[in-house]
A.B. asks: 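First, the structure itself, so that you have it in front of you.
Proteins get letters first, then strands, A, B, ... in listed order; numbering begins at 1 in each.
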There are 2 protein chains.
Amino acid sequence: METRCENCIVRKFNSLRAMNKEELKQVSDAKVSKKFKKGEALFEEGEKLNGVYCVRDGVSKLSKLSANGKDQIVKLATTGEVMGQRAVIVEEPTNLSAVAVNDVEVCFVPKEIILDSMHKNPDFTLEVLRHMAHDLKEADDVIVNMSQKTVKQRVAEAFLYLKNNYGVDEEGFLNLTLSREDIANVVGTATESCIRIISEFKKKGYLKTSGKRIIITNEKELQDLVKGF
Amino acid sequence: METRCENCIVRKFNSLRAMNKEELKQVSDAKVSKKFKKGEALFEEGEKLNGVYCVRDGVSKLSKLSANGKDQIVKLATTGEVMGQRAVIVEEPTNLSAVAVNDVEVCFVPKEIILDSMHKNPDFTLEVLRHMAHDLKEADDVIVNMSQKTVKQRVAEAFLYLKNNYGVDEEGFLNLTLSREDIANVVGTATESCIRIISEFKKKGYLKTSGKRIIITNEKELQDLVKGF
DNA sequence: AACAAAACCTGACAAATATCATGTTTCCTT
DNA sequence: AAGGAAACATGATATTTGTCAGGTTTTGTT
């Protein structure tokens, strides 16, 4: 397995691609590889992060606990993404928890290296800024969806999102399998409501399930539903 | 009125404070002052922005149109804040519209100057990054509020927000007066529901109104409500 | 001051969603 | 393979919220 950041493909997808050779060498020398099993927490809301987590493999859910005790999943972080950036930049405790959705492998990069590069290399800083600008736009979109779309629309959208971002296997099953509870927490609804809607989608022939694995059988109808038809 | 950016107090509150003398001179020479009356649009969703808007005075609402034709207000931008940054950085059309809530005065700064400084001055870029990181955290909080709190809680929270951020006048009236419709669009609910909740708050003695001006008469109860008591 | 337009308000009702209770299936551990 | 825990599922019901329809008040303009 590749252990030098300079040669890591994952890096191509995140802001580390704007680093120069020396910087990458520093990162490579300081980074620590960590593995987490499905369900384990990488870090918890309120924790001080001593670095960022560059995802090599697997998916993590970034969530925030609400006053009523429910987790709201704000984002799913995948191979190539960097977690914990925000907290490191503003030097505050993180506002989100990260939990492995499946087995996850990350490279932990100490914050000093990141902050140092930011002061010295404007291209890197700008690249981080672009990524954050992108995240902010996505967050705006989520806000609008949450407040203006029905739960049914949001569930439909979640499945389309899973298909578009993680794809399907040979049989057509979604590559990323989330529990009903996780889907409910993405969508911001009660688990029972989420299950009920999935049942309805099955009855209408939009979805098929086998255990917890899911096939989208009528993508068009789901899209129309999201659009409000 | 002060027209040189170097001496502008407003700047102290935004990322322009990280600019050096020369950069500020450039900004100052290139900037154009613009005024907008209450209700006028500074820019519209989908528009290409040729620069950023530094708010000198007044408040604007940043909103996004949803599929069902309702505006969702994502943020209120006040004196000292910079609008349009995100779109300029990623060089995409803006995802938000900006409309003046009261009479607004801004300085328009051409994007070339901003982008140029970002490439040359890492301190400035980092400062912009910090502001964006802050906005992103706030957006995360809004997402959680939207999905996990009731409309009543969100309305209560909106009033507390207005008090904390814009203060009250000598008589105790909130300095920033929003229409019921605007409040509904901040909170993500129907205007009628918003009005009903305000009426309820008045009956319970949490609020008093005079025309569209509002006094919070029982802040504690509103806070408890938000916390879920 | 008169008028129109916009904003505000309320009631009645319908729809969406949460909650509680309970049963079934799946999955993991031994 | 058995047992138990967790996840999934569904019904009954209560609550929340949206919608429509009709008012009243406020505001701005002539």
A.B. asks: Can you confirm whether the side chains of S60(B) and Y53(B) place a donor and an acceptor under 3.5 Å from each other?
C.D. replies: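 No, Y53(B) and S60(B) have no side-chain donor paired with an acceptor closer than 3.5 Å.
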A.B. asks: For K212(B) and for G188(B), find the nucleotide of DNA chain D with the closest heavy atom, then tell me which residue's nucleotide is more 5'.
C.D. replies: G188(B)
A.B. asks: Once you round it to whole Å, what is the distance between P of dT17(D) and CD of Q148(B)?
C.D. replies: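 It is 13 Å, rounded to the nearest whole Å.
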A.B. asks: Whole Å only: how far is the NZ atom of K202(A) from the C1' atom of dC8(D)?
C.D. replies: 9 Å
A.B. asks: Side chain to side chain contact (heavy atoms under 4.5 Å, CB included) with T79(B): which of I9(B), D57(B), V104(B)?
C.D. replies: D57(B)
A.B. asks: Can you check whether any acceptor in the base of dG18(D) is under 3.5 Å from a donor in the side chain of R196(B), or vice versa?
C.D. replies: no
A.B. asks: Atom NZ of K70(B) to atom P of dT17(D): distance rounded to whole Å?
C.D. replies: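 After rounding, the reported distance stands at 13 Å.
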A.B. asks: Rounded to the nearest angstrom, tell me the gap between atom CD1 in I197(A) and atom C1' in dC8(D).
C.D. replies: 15 Å
A.B. asks: NA contact type, T191(B), heavy-atom cut-off 4.0 Å: base, sugar-phosphate, or nothing?
C.D. replies: nothing
A.B. asks: Could you give the CG-to-P distance, from N68(B) to dT19(D), as a whole number of Å?
C.D. replies: 8 Å
A.B. asks: Does either side chain, that of N14(B) or that of E81(B), offer a donor lying less than 3.5 Å from an acceptor on the other one?
C.D. replies: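 Checked: N14(B)/E81(B) side chains show no N/O donor-acceptor pair below 3.5 Å.
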A.B. asks: dT10(C), OP1 or OP2 - any side-chain N/O from S199(B) closer than 4.0 Å?
C.D. replies: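 It does, given that an N or O in the side chain of S199(B) lies less than 4.0 Å from OP1 or OP2 of dT10(C).
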A.B. asks: Within the 3.5 Å criterion, strictly below it, is a donor on Q85(B) or S15(B) matched to an acceptor on the partner's side chain?
C.D. replies: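 Side-chain D/A pair, Q85(B) to S15(B): present.
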A.B. asks: Pick the closest DNA chain C nucleotide for R180(B) and for T150(A) by heavy atoms, then say which residue is nearer the 5' end.
C.D. replies: R180(B)
A.B. asks: Checking Q72(A) side chain against V144(B) main chain: does a donor-acceptor pair fall under 3.5 Å?
C.D. replies: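 No; judged by distance alone, with no hydrogens or angles, the pair does not exist.
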A.B. asks: Measure from NZ on K38(B) to C1' on dA6(C) and round the result to the nearest Å.
C.D. replies: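 From K38(B) NZ to dA6(C) C1': 11 Å.
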A.B. asks: Record whether the side chain of R154(A) comes under 3.5 Å of the base of dT17(C) through a donor-acceptor pair of N or O atoms.
C.D. replies: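 Per atom types, no contact qualifies.
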A.B. asks: Rounded to the nearest angstrom, tell me the gap between atom CD1 in I195(B) and atom C1' in dG11(C).
C.D. replies: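 I195(B) atom CD1 is separated from dG11(C) atom C1' by 13 Å.
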A.B. asks: Find which nucleotide of DNA chain C each of G211(B) and S193(A) is nearest to by heavy atoms, and output the residue with the more 5' nucleotide.
C.D. replies: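 On the 5' side of the pair lies G211(B).
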A.B. asks: In whole angstrom, what separates E192(A)'s CD from dC20(C)'s P?
C.D. replies: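 Atom CD in E192(A) sits about 9 Å away from atom P in dC20(C).
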